[in-house]
Enquirer: 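The following block contains the structure, expressed as structure tokens.
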Amino acid sequence: MTVIDGVNSGTGSRIATRASWFARYIHLLVLLDVSCAATAGVAGFALRFSGWDQSGRWPDILLAIGLPMVWVPWLSVAGCYDHRFLGTGGAEYRKVLNAGITLTAGVAILSYATKAEVARGYVLLTLPLLVALDVGARRAARSRLHRAREDGECMRRVVAVGYTDGVADLVRELSLHPHHGMQVVGVCAPEPPGRTVEDVMVLGGFDDVPEVVERCRADAVAVLPCVELGGVRLRRLAWRLEKFRTDLFVSPALLDVAGPRLTIRPVAGFSLLHIDHPELTGPARVAKAAFDRVTAALLLIVAAPLLVAVAVAVRTTDPGPAFFLQTRIGRAGRRFRMVKFRTMVTDAERRRVELSARVESGSVLFKLKSDPRVTRVGRFLRRYSIDELPQLVNVLRGEMSLVGPRPPLPEEVERYGEDVYRRLAVKPGLTGLWQVSGRSDLSWEEAVRLDLQYVENWSLLFDVQILWRTVRAVVTGNGAY
């Protein structure tokens with residue numbers, strides 16, 4: 001993707017300057033894509049054939065040599081360099097996967113049409129290897145980009161338009177999650193200029209957006225829900241922003257509903273946003289249950305020696321049982337007995353009353369960073385989430401899932417607000433967004449928001465991504481106590 005020329009020299013210079021980091025990022029992706037294609041082509045040939053014998057193997061040799069030259073244009077056509085899908089979300093990886101599938105089909109069709117005898121084993125080995133390498137390389141590039149954004153680099157400058165309450169929420173969320181790469185640099189609101197919203201200055205009203213964009217050298221405008229900005233005014237705003245090549249984002253006033261559930265449908269001249277219901281029942285849930293139970297069974301078999309060793313360590317270092325059973329609330333409010341390794345002294349529940357004054361006021365969860373009831377072995381087990389491994393038994397029994405909201409206690413559920421009950425629409429999980437996003441360091445409100453986000457946007461691919469991120473969260477031990 002190239003830097004877009006501006007309408008005039010001044011605008012063009014400004015756009016080129018702000019897009020320089022993005023151009024460098026695209027160049028990095030192209031280099032990685034070419035390297036992955038070359039590696040997959042050579043590795044696949046070396047694994048499939050004993051040597052570079054050119055007699056009869058020329059179609060495969062041509063494919064190995066031409067793969068790096070074909071792969072980058074193929075990815076470009078598939079939208080894998082579109083700035084809308086780079087940096088966050090799983091759309092980039094899905095597009096790489098789709099590109100690999102369509103390229104495999106294209107090679108098969110071309111081979112049949114030209115009578116070229118390309119070895120099927122070579123194709124079925126090389127192209128999946130290429131997709132795996134490319135996804136891994138892009139994941140590494142994204143991690144590098146996220147680290148740069150945490151240092152305030154590679155950010156898109158955004159002007160937020162809307163009421164101050166909504167703008168404040170947007171600024172806070174973008175500040176907490178810099179990996180999205182958006183920094184609010186100015187506000188347009190029905191407030192007197194000069195006032196600040198979360199330390200960002202109000203620079204004008206709704207009619208001043210283009211001027212504020214020029215003044216702030218902004219890359220994008222984010223319009224939050226407000227009555228004053230209806231369809232006609234938004235259309236005129238888009239026309240005025242067009243000369244700056246400034247992106248326009250419009251919030252649909254929906255919380256934590258991801259793209260796969262949203263579809264724009266033109267009806268009688270209006271663009272209507274169709275919202276699909278989350279997949280809480282049906283074949284997708286059957287597939288999830290099967291995946292959970294098969295994976296839990298395999299993990300229990302593999303981890304059996306570790307489970308025995310931990311049980312012995314708990315029993316010999318502190319008087320009492322190795323396991324701790326506790327009543328938790330599952331899907332649709334059903335109770336079940338969750339099993340964990342015991343990490344506290346045996347009279348922990350009795351001492352809980354004494355420690356209740358140390359819990360943050362208004363918090364639903366009972367969590368202490370320095371809980372005196374935790375044993376020496378228990379502290380180690382908690383840090384690396386080893387104490388939760390016996391919950392695989394609950395997953396195998398169908399009471400829990402590998403991924404889902406945190407399993408709540410009955411007394412916690414009694415304090416739920418109306419919206420929080422939505423967490424009980426799915427099975428609780430051994431891990432989830434709450435664990436890979438900070439675990440016990442999260443506030444109650446943030447933990448609830450993440451759980452609701454999971455419930456609304458569940459997919460099997462989303463589960464796999466969370467499981468992958470869980471490995472890093474467990475190794476680092478951040479937020480575990």
Side-chain angles (χ1 to χ4, degrees), residues 1-8 10-12 14-19 21-23 79 81-89 91-92 149 154-171 173-174 177 180-191 197 200-255 257-259 261-267 269-275:
M1 181 172 291
T2 58
V3 178
I4 301 174
D5 293 330
V7 174
N8 54 55
T11 303
R14 178 169 64 85
I15 293 174
T17 299
R18 77 190 185 199
W21 71 264
F22 180 70
Y81 300 113
D82 192 325
H83 72 278
R84 294 174 298 171
F85 308 115
L86 300 179
T88 57
E92 177 184 359
R149 286 174 170 175
C154 303
M155 304 293 283
R156 305 179 72 185
R157 298 169 62 83
V158 179
V159 171
V161 182
Y163 302 135
T164 53
D165 289 344
V167 170
D169 291 339
L170 177 65
V171 174
E173 288 300 317
L174 293 180
H177 305 98
H180 290 295
M182 302 180 74
Q183 179 183 17
V184 178
V185 295
V187 175
C188 289
E191 301 285 343
V197 180
V200 182
M201 187 171 293
V202 176
L203 300 176
F206 294 152
D207 294 328
D208 305 318
V209 176
E211 290 76 15
V212 173
V213 167
E214 179 68 11
R215 176 180 171 184
C216 296
R217 301 173 66 243
D219 306 313
V221 171
V223 179
L224 303 176
C226 49
V227 179
E228 290 86 346
L229 289 175
V232 174
R233 292 189 70 178
L234 275 178
R235 181 175 61 185
R236 292 173 180 169
L237 175 60
W239 290 344
R240 296 180 67 185
L241 294 176
E242 187 176 353
K243 70 174 183 178
F244 301 120
R245 298 296 191 267
T246 303
D247 291 332
L248 177 62
F249 299 97
V250 180
S251 171
L254 295 170
L255 293 176
V257 178
R261 287 182 54 200
L262 305 178
T263 306
I264 300 293
R265 295 189 177 182
V267 178
F270 293 90
S271 296
L272 301 183
L273 189 65
H274 181 267
I275 307 169

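Every heavy atom of this structure was used, including side-chain atoms; hydrogens, water molecules and symmetry mates were not. Numbers here are sequence positions counted from 1.
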Enquirer: Which heavy-atom pair separates Gly79 from Phe85 by the least distance, and what is that distance?
Expert: O-CD1, 3.8 Å
Enquirer: Identify the heavy atoms of Val159 and Ala218 that sit nearest to each other, and give their distance.
Expert: CG2-CB, 3.7 Å
Enquirer: Could you tell me the separation between the OH atom of Tyr163 and the CG atom of Leu229, rounded to the nearest 0.5 Å?
Expert: 8.0 Å
Enquirer: At their closest point, which heavy atom of Leu203 faces which heavy atom of Val185, and how far apart are they?
Expert: CD1-O, 4.5 Å
Enquirer: Over all heavy atoms of both residues, which pair between Cys216 and Gly186 is shortest? Give the atoms and the distance, please.
Expert: SG-CA, 4.4 Å
Enquirer: Given Arg149, which of Met155, His177, His180 fulfils the side-chain contact (heavy atoms from CB on, under 4.5 Å) condition?
Expert: Met155
Enquirer: Write down the atom of Gly162, the atom of Pro190, and the distance for their closest heavy-atom approach.
Expert: O-CD, 3.8 Å
Enquirer: Going by side-chain contact (heavy atoms from CB on, under 4.5 Å), Val221 matches just one of Val158, Val250, Thr246. Which one?
Expert: Thr246
Enquirer: Going by heavy atoms in the side chains, are His83 and Asp247 under 4.5 Å from each other?
Expert: yes
Enquirer: Could you check whether any side-chain heavy atom of Val161 comes within less than 4.5 Å of a side-chain heavy atom of Phe206, counting everything from C-beta outward?
Expert: yes
Enquirer: Provide the closest heavy-atom pair for Leu170 versus Ala160 in the form atom of the first, atom of the second, distance.
Expert: CD2-CB, 4.0 Å
Enquirer: Do Val223 and Leu237 have side-chain heavy atoms sitting under 4.5 Å apart?
Expert: yes
Enquirer: Please identify each residue that fulfils side-chain hydrogen bond (donor to acceptor under 3.5 Å, both in side chains) with Gln183, with sequence neighbours left out.
Expert: none
Enquirer: Please collect all side chain to side chain donor-acceptor pair (under 3.5 Å) contacts where either partner lies in residues 201-213, sequence neighbours excluded, each pair once.
Expert: Asp207-Arg233, Glu211-Arg240
Enquirer: List the residues meeting salt bridge (Lys or Arg N to Asp or Glu O under 4.0 Å) with Glu228, not counting sequence neighbours, and say none if there are none.
Expert: none
Enquirer: Check for a donor-acceptor pair, side chain of Arg245 on one end and backbone N or O of Glu242 on the other, with a separation under 3.5 Å.
Expert: yes
